[in-house]
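Encoded as structure tokens, the structure appears first; notes follow it.
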Amino acid sequence: MTIGSGPTKPPEEVGIANPVARVLLVEDEPSLVLTLRDRLLACRYKVESCGDGKIALELADKKPFDLVILDVMLPGMDGFDVCRELRRRGMEVPILMLTARSLVVDKVVGLKLGADDYLTKPFEMMELLARIEVLLRRGRTSPQVGEGIFCFNDVRVDFRRAEVTRNDDVLPLSAMEYRLLRYFIEHRGAVISRDQLLDQVWGYDATPFSRTVDVHVASLRQKVEPQPARPQFIVTVHRLGYRFDG
Ligand code: CA
């Protein structure tokens, strides 16, 4: 089912969504609001919607949401401004931006302002729902890690300060190495493929080479592993990817 373009067909069945997730839908196109609302409710999300950026900010201030679906083209305050303002107010809710334009610059601006994902209209309902689920999963795993400190061996990761120390010495991790380490910690024990890392850690800046991942993992190991040549924590899973055993 393609949303935001032309006639609609009956919706497909999709997997079970998180039954308690609260979604704020910020979109000014009535027919799209109706379609999305119905579909999200059918997936057992709780949905509030508004077509105005300022009202969206008020709603987000009043009650917690698990996800914001934010259209870029809104009358008055546009989606970019709403996104920027939500982040400025310290709200870490996952934001999925929607736009009618497929300009790369829009994508980059949105992500730089703190949006988590981006979808261009027209889009498939299935794709929207899949992305919502990913963002909600990520949102659920991040806070515990995001607010705390994680230690493994002699390495201490302070997520508040985005600082990694080893025996009290600050490790000079690059931004990408830090994001990679954070992702590993958030998914510890799970096998993570190179594609997943490219998608989730590199995101839209991804160079489409899994070799990129290997290079960064190698340099991260040099900094955090006791014996980088024989990794104990960031282990290679043959043919599948990596697993963090911290
Ligand atoms: Ca719009």
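For ligands, and for the atoms within them, numbers begin at 1 and follow the listed sequence. Residue indices begin at 1 and follow the sequence shown.
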Next on the checklist: Whether Glu27 and Lys121 form a salt bridge (side-chain N of Lys/Arg under 4.0 Å from carboxylate O of Asp/Glu) is what I want to check.
Outcome noted: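 Result for this pair is yes, salt bridge flagged.
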Checklist entry - Could Lys54 and Glu58 be called an ion pair, given the rule that one side-chain N must be under 4.0 Å from one carboxylate O? => result no
Item to check | side chain to side chain contact (heavy atoms under 4.5 Å, CB included) between Ile185 and Phe159, intermediate numbers included | outcome: CA-CA 11 Å; Ile185 292 170; Phe159 292 103; 4.0 Å; yes
Checklist entry - Are the side chain of Asp71 and the backbone N or O of Val26 linked by a donor-acceptor pair below 3.5 Å? => result no
Item to check | Joint hydrophobic cluster, Leu41 plus Leu96, side-chain heavy atoms closer than 4.5 Å | outcome: yes
Checklist entry - With a cut-off of 3.0 Å, which protein N/O/S atoms are close to the Ca ion (ligand 1), if we only count those under it? => result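 Less than 3.0 Å away from the Ca ion (ligand 1) sit Asp28 OD1, Asp71 OD2, Met73 O.
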Item to check | Between CD on residue Glu133 and CG on residue Leu128, distance to nearest 0.5 Å | outcome: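 One finds 10.5 Å between CD of Glu133 and CG of Leu128.
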